[in-house]
Structure formats: C-alpha cells, structure tokens
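Working notes, structure below.
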Amino acid sequence: MNYHIGNMLIYQEFVPGNDCPLCRIRNILEKRLAEQYLNESVMEDFQRRMVNEKGFCLHHTQMLLARPNKLSLALQHITRLTALKSKLEITAEPKTAAKMAEIFCHSGETCVICDGVEVNMIRYYKTVAEMFLAEKNFKQTLQETDGFCLEHFGCLLKYASFAGRRKKDYIYTLTSLEKKSMEKLLTDLNRFAAKHDYRNADMPWEGAEKALEKSVIKLHGDQAK
C-alpha cells in the first residue's frame, strides 16, 4: 500500500462497517474547514474576501455556531453583512428592486465551506479511481466496504474514467458493491417493518433495528453536525 497525504483518509475510512466512507471523509473535511474559518482564516485577507462574497449556508453556520469561538464567527458575520448592506438601496424603482431581490433571495445559499468541501471531494472521487488503477490490493479494500450513499456512489461513477484501462472493472466493482448494499438494506427494512406486527414479536432483529437510520444515510448521506 502506497500511503501518502492524498490517500490517507481513503485507507482510514474505507473499512468494513462504515455506512458510507465518503460521507465520513466529507465530514472530516467539513470540520477541518470549520476550524479554519474560526481560526487562521479570520485574519487572512483572501479568505475574508471570500466570506464577504459568499458567506456560509445555514448548515455550516450552525456548525460554526456550535463551536466555542463565537468572536471569530461574529467577525465573519460583520464583514458578510457589511458586504450585503452595500448592495441594499433605498428605492422605489421596480427594476432596482428586482435586481436586489435576486441577490438577497439567494444570499443564504452560497457558502465558502460548501465550495471548499466540493473541490476536495472531487479530488477524492478521482483518487479512488486512480487507486483502483494503480494499487493492486485496493479492489479488495473497496469490496470490503458496505457501499456508499447514493450521491457519493453517483459521483464515483461520474469520475470512473480516472481508473484508466481498468475503468470497466472499476465500474463493475462499484455497481456490484452498491447493488449488494441496497439489497441488504431492503432486506433489513422489510424485517424492520415486519417486526412492527405483533405476530412477529419473537422474530430476531438480526441488525434490522437500525435499518431506518441506514436508509436515511443511503438516500441523503450522513452530514456532520
């Protein structure tokens, strides 16, 4: 195994028992970026300009707010609100109001952390494919996972070309793994539903008691808090 900074998280999280290894990697990246924007990035001009321009989405604002460094978040909000205030005009003109409506209706949707996470996740989608091509034992590592949430499964397929000459084998491995994962989840969901019938009170759970939570992760991913 060729460990380096680009694949350490993949080897760390691509192990049996993880619902979606890429959700776990994304959560690690989110937490790192959250700490960054509450610490060194507060004083960096470029990062402050990016916060002024895009701010944080509600999910990442709540993540930042849950951390102890409230002063840093307040400073970020001061600059973001000041930037937005500069775009607010007192006017009676419908055209001017329409332009402002477009700005402010979407002002909570842009996010520097979302952008940073997405850039890094694309790198990981490509790296997984490249590891399948270059590292002999990585196919087995991939097959030993429990599959992926549907979003990350789709993204792995999207960047499958980075597996080069092994692209077809990579796609087959991914799709076989995900099909097996979904079939297991559906079996567990059916058992979960059956257990709510009093006639099946003595039926063993066999792990199906967590099926509903796992189905939420499969459908929507597992976002960090």
Side-chain angles (χ1 to χ4, degrees), residues 1-33 59-60 113-195 204-225:
M1 295 182 184
N2 183 22
Y3 292 101
H4 54 77
I5 193 169
N7 69 17
M8 285 296 292
L9 283 180
I10 293 173
Y11 274 118
Q12 175 183 307
E13 300 301 332
F14 276 53
V15 294
N18 288 353
D19 292 321
C20 178
L22 285 168
C23 279
R24 293 175 181 270
I25 289 174
R26 183 190 61 197
N27 289 345
I28 291 169
L29 295 173
E30 279 186 314
K31 289 174 182 177
R32 287 178 180 174
L33 284 168
H59 169 65
H60 288 124
I113 294 180
C114 284
D115 290 353
V117 169
E118 182 62 18
V119 167
N120 280 283
M121 288 304 296
I122 289 172
R123 177 168 58 84
Y124 276 104
Y125 304 141
K126 295 176 180 178
T127 300
V128 172
E130 290 167 347
M131 290 170 67
F132 191 92
L133 170 64
E135 301 192 21
K136 181 180 178 180
N137 296 324
F138 185 69
K139 179 176 180 177
Q140 181 179 348
T141 298
L142 181 59
Q143 289 174 321
E144 288 175 353
T145 70
D146 294 329
F148 304 90
C149 73
L150 295 180
E151 176 186 349
H152 289 144
F153 169 64
C155 290
L156 288 171
L157 290 178
K158 181 177 180 180
Y159 292 96
S161 62
F162 284 82
R165 68 181 185 278
R166 297 192 64 194
K167 177 175 67 175
K168 288 187 176 181
D169 187 17
Y170 179 56
I171 291 171
Y172 181 83
T173 301
L174 282 175
T175 53
S176 299
L177 174 67
E178 193 68 10
K179 183 75 173 292
K180 179 181 177 182
S181 173
M182 291 187 74
E183 287 174 346
K184 173 65 166 61
L185 178 57
L186 282 167
T187 297
D188 287 348
L189 279 170
N190 280 309
R191 180 173 288 269
F192 179 89
K195 278 290 292 179
W205 279 102
E206 296 184 0
E209 62 270 21
K210 296 182 179 179
L212 189 57
E213 289 85 351
K214 289 183 177 180
S215 70
V216 172
I217 293 172
K218 178 65 75 176
L219 289 165
H220 302 290
D222 182 17
Q223 289 198 342
K225 302 298 186 291

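Bear in mind the structure is a predicted one, so any value in this text is a computation, not a measurement.
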Could you tell me if the side chain of R165 sits less than 4.5 Å from the side chain of L133, heavy atoms only? yes

Can you list the residues that meet the side chain to side chain contact (heavy atoms under 4.5 Å, CB included) rule with S161, with sequence neighbours excluded? K167

Using every non-hydrogen atom in the two residues, find where E13 and I25 come nearest and quote the distance to one decimal. CG-CG1, 3.9 Å

Chi angles and distances behind the side chain to side chain contact (heavy atoms under 4.5 Å, CB included) call for V128, F162: CA-CA 9 Å; V128 172; F162 284 82; over 6 Å; no

Run the numbers on M131 and Y11 for side chain to side chain contact (heavy atoms under 4.5 Å, CB included), then give the verdict. CA-CA 10 Å; M131 290 170 67; Y11 274 118; 3.4 Å; yes

Look up atom NZ in K158 and atom CZ in F153, then write down how far apart they are to the nearest 0.5 Å. 14.5 Å

Might you work through the side chain to side chain contact (heavy atoms under 4.5 Å, CB included) test for L174 and L142, ending with a clear yes or no? CA-CA 8 Å; L174 282 175; L142 181 59; 4.1 Å; yes

Please answer whether the main-chain N or O of Y172 pairs with a side-chain N or O of T175 as donor and acceptor at a distance below 3.5 Å. yes

Show, in sequence, the C-alpha distance, side-chain angles and deciding distance for D169 and K139, and conclude whether the salt bridge (charged side-chain N to carboxylate O under 4.0 Å, His left out) test is met. CA-CA 9 Å; D169 187 17; K139 179 176 180 177; 3.1 Å; yes

Centroid separation F132 to F138 less than 6.0 Å: no

Enumerate, atom names and distances included, each donor-acceptor pair closer than 3.5 Å involving a side-chain atom of residues 210-218, sequence neighbours excluded.
residue: S215; atom: OG; partner: L212; partner atom: O; Å: 2.6
residue: K218; atom: NZ; partner: F148; partner atom: O; Å: 2.8
residue: K218; atom: NZ; partner: E178; partner atom: OE2; Å: 3.0
residue: K218; atom: NZ; partner: S181; partner atom: OG; Å: 2.8

Please identify which of these residues, E151, Q223, H152, meets the side-chain contact (heavy atoms from CB on, under 4.5 Å) condition with C23. H152

Output the distance between atom CG (L150) and atom CG (L219), rounded to the nearest 0.5 Å. 6.0 Å

Expected list for residues 188-195: side-chain donor-acceptor pairs under 3.5 angstrom, two or more places apart:
residue: D188; atom: OD1; partner: K184; partner atom: NZ; Å: 3.3
residue: D188; atom: OD2; partner: K184; partner atom: NZ; Å: 2.6
residue: N190; atom: ND2; partner: L186; partner atom: O; Å: 3.0
residue: R191; atom: NH1; partner: P204; partner atom: O; Å: 2.7
residue: K195; atom: NZ; partner: A201; partner atom: O; Å: 3.0
residue: K195; atom: NZ; partner: M203; partner atom: O; Å: 2.8

The reported gap from CD in E135 to CG in N7 (rounded to nearest 0.5 angstrom) is 5.5 Å

So OG of S176 and CD1 of I171: to nearest 0.5 Å the spacing works out to 11.5 Å

Under 3.5 Å donor-acceptor, R26 side chain and D222 backbone: yes

How many angstroms lie between atom OH of Y159 and atom CE of M121, to the nearest 0.5 angstrom? 10.5 Å

Closest heavy-atom contact between T127 and I10? CG2-CD1, 3.7 Å

Say whether N27 and R24, considering side chains only, have a donor N or O and an acceptor N or O under 3.5 Å apart. no

Please evaluate residues Q12 and I28 with respect to the criterion side chain to side chain contact (heavy atoms under 4.5 Å, CB included), reporting the C-alpha separation (whole Å), side-chain torsions for both, the decisive distance (0.1 Å), and the verdict. CA-CA 11 Å; Q12 175 183 307; I28 291 169; 3.8 Å; yes

Heavy-atom closest contact (A160 atom, A129 atom, distance): O-CB, 4.4 Å

Minimum heavy-atom separation for T141 and F14, please, with both atom names. CG2-O, 3.5 Å

Can you tell me how far the CG atom of L156 sits from the OG1 atom of T173, to the nearest 0.5 Å? 12.0 Å

Would you indicate whether the side-chain heavy atoms of L33 and H60 approach each other to under 4.5 Å? no

